[in-house]
Structure formats: structure tokens, C-alpha cells
Amino acid sequence: VQLVESGGGSVQAGGSLKLSCAASGYIFGTCEMAWYRQAPGKKRELVSSISVEEVPTYAGSVKGRFTISRDNGKDTMYLQMNSLKTEDTALYYCARAQLQYSGGTFVCRGGRPDPKYRGQGTQVTVSS
């Protein structure tokens, strides 16, 4: 079971990046998923989440600038980030809800994404 983020990098303020989170080892479509971020010296922040029914939620700080999506056929979640600000600089990582073993495979047992079930993260750095 694995989550692998990619797409981070360094951009100037006002620029855009698209993050990807590739899942493996479980039935991706059964899990609500989320993006978190953490900057040095700051608390972890829930940036955005997307339900199994593809209903998104956003933190107020990113609403209108970020768009979360998922492709269950590709077992991948995305975060399109536009109009980036210096305060968006952080390590971004994706997370899933807790799994259970059922019918010979792993599926989500419901519940919200938990940061302890996360990938290694991808760094986003926005300069002024």
C-alpha cells in the first residue's frame, strides 16, 4: 500500500503547479482522499479533500485558487494550484482513510483521511 506524490517545484508568485498523488495496493475509489501541507515551524494544514463521490472541500486560504480532482481509473488524485502565493510554500502530502482487508483486497473502511496514512510528500516553494 503506497501513496506517491509528485509535481512539486519552485515557482514565482502568481504561477501554477499541478500535484499528483498515485495510489497503489488498495481500491483507490473506495477512499476519501486529502491534501495536507506543512511549512517549517507551522502547524499542519488540511488543504483540500475529495470524497468518494468527488465532492471537494477546501481550506479558506486556498479556495478559488486550488482545484482538487481524482481519476479512479488511474488511481490518482490531483491538486491544481493557481495564483500561488509565498505563503503556499510547504511540503505537500496526500493522505487516505484507514483501510480494511475485505474480499482479498484492501478497501477503505470509511472515515476521513488520516495524516498518518500519507505519502512522503512533494515540496512546493513559491518565491516573490
Side-chain angles (χ1 to χ4, degrees):
V1 177
Q2 198 172 16
L3 296 172
V4 179
E5 301 91 340
S6 62
S10 297
V11 295
Q12 289 194 319
S16 297
L17 284 173
K18 186 173 185 178
L19 307 184
S20 298
C21 169
S24 61
Y26 70 99
I27 307 299
F28 178 73
T30 64
C31 286
E32 181 173 347
M33 299 291 296
W35 287 99
Y36 286 86
R37 67 185 180 186
Q38 188 158 23
K42 294 187 178 181
K43 290 178 61 176
R44 180 181 60 224
E45 178 183 20
L46 173 60
V47 176
S48 182
S49 67
I50 186 165
S51 71
V52 172
E53 297 81 13
E54 300 190 30
V55 176
T57 66
Y58 298 98
S61 57
V62 307
K63 197 173 261 188
R65 300 187 297 122
F66 291 10
T67 302
I68 193 171
S69 62
R70 64 190 298 162
D71 184 337
N72 291 340
K74 294 183 178 180
D75 295 343
T76 302
M77 176 178 66
Y78 305 96
L79 187 68
Q80 176 68 46
M81 306 187 296
N82 298 329
S83 303
L84 282 161
K85 304 176 180 180
T86 55
E87 52 263 44
D88 294 319
T89 295
L91 179 70
Y92 286 71
Y93 54 92
C94 58
R96 55 165 176 79
Q98 186 177 8
L99 300 177
Q100 65 181 14
Y101 192 71
S102 175
T105 190
F106 286 100
V107 298
C108 267
R109 59 184 295 175
R112 302 302 306 277
D114 190 326
K116 66 183 176 185
Y117 306 120
R118 52 168 283 186
Q120 83 289 346
T122 186
Q123 178 67 36
V124 172
T125 302
V126 185
S127 59
S128 59

Hydrophobic cluster of L46, others only, ordered by chain and residue number, side-chain cut-off 4.5 Å
Y36, Y93
Chi angles and distances behind the side-chain contact (heavy atoms from CB on, under 4.5 Å) call for Y58, S48
CA-CA 4 Å; Y58 298 98; S48 182; 3.3 Å; yes
Sequence neighbours excluded - side-chain hydrogen bond (donor to acceptor under 3.5 Å, both in side chains) pairs with any residue from residues 12-21
S16-N82
Is there side-chain contact between L79 and F66, with heavy atoms separated by less than 4.5 Å?
yes
Pair E54, S69: side-chain N/O donor-acceptor within cut-off below 3.5 Å:
no
Got a sec, which pairs hit salt bridge (charged side-chain N to carboxylate O under 4.0 Å, His left out) with one end in residues 107-122, sequence neighbours left out?
E32-R112
Do E5 and L19 pass the side-chain contact (heavy atoms from CB on, under 4.5 Å) test, and can you show the C-alpha distance, the side-chain angles, and the key distance before you say yes or no?
CA-CA 7 Å; E5 301 91 340; L19 307 184; over 6 Å; no
In Å, rounded to the nearest 0.5 Å, how long is the span from OH of Y26 to CD of Q100?
14.0 Å
E53 vs S51, test: side chain to side chain donor-acceptor pair (under 3.5 Å). Steps then yes/no.
CA-CA 5 Å; E53 297 81 13; S51 71; 3.3 Å; yes
Could you name each residue pair satisfying disulfide bond (SG atoms under 2.5 Å apart) that touches residues 6-73, not counting sequence neighbours?
C21-C94, C31-C108
Please tell me if the side chains of D71 and Y78 come closer than 4.5 Å, counting only heavy atoms from C-beta onward.
yes
Sequence neighbours excluded - disulfide bond (SG atoms under 2.5 Å apart) pairs with any residue from residues 47-89
none
Name every donor-acceptor pair, under 3.5 Å, that has one atom in a side chain of residues 85-92 and the other anywhere in the protein, sequence neighbours excluded.
{"residue": "D88", "atom": "OD1", "partner": "R37", "partner atom": "NH1", "Å": "2.9"}
{"residue": "D88", "atom": "OD1", "partner": "R65", "partner atom": "NH2", "Å": "3.0"}
{"residue": "D88", "atom": "OD2", "partner": "R65", "partner atom": "NH1", "Å": "2.7"}
{"residue": "D88", "atom": "OD2", "partner": "R65", "partner atom": "NH2", "Å": "3.4"}
{"residue": "D88", "atom": "OD2", "partner": "K85", "partner atom": "N", "Å": "2.7"}
{"residue": "T89", "atom": "OG1", "partner": "T86", "partner atom": "O", "Å": "3.0"}
{"residue": "T89", "atom": "OG1", "partner": "V126", "partner atom": "N", "Å": "2.8"}
{"residue": "T89", "atom": "OG1", "partner": "V126", "partner atom": "O", "Å": "3.3"}
{"residue": "Y92", "atom": "OH", "partner": "R37", "partner atom": "NH1", "Å": "2.8"}
{"residue": "Y92", "atom": "OH", "partner": "D88", "partner atom": "O", "Å": "2.6"}

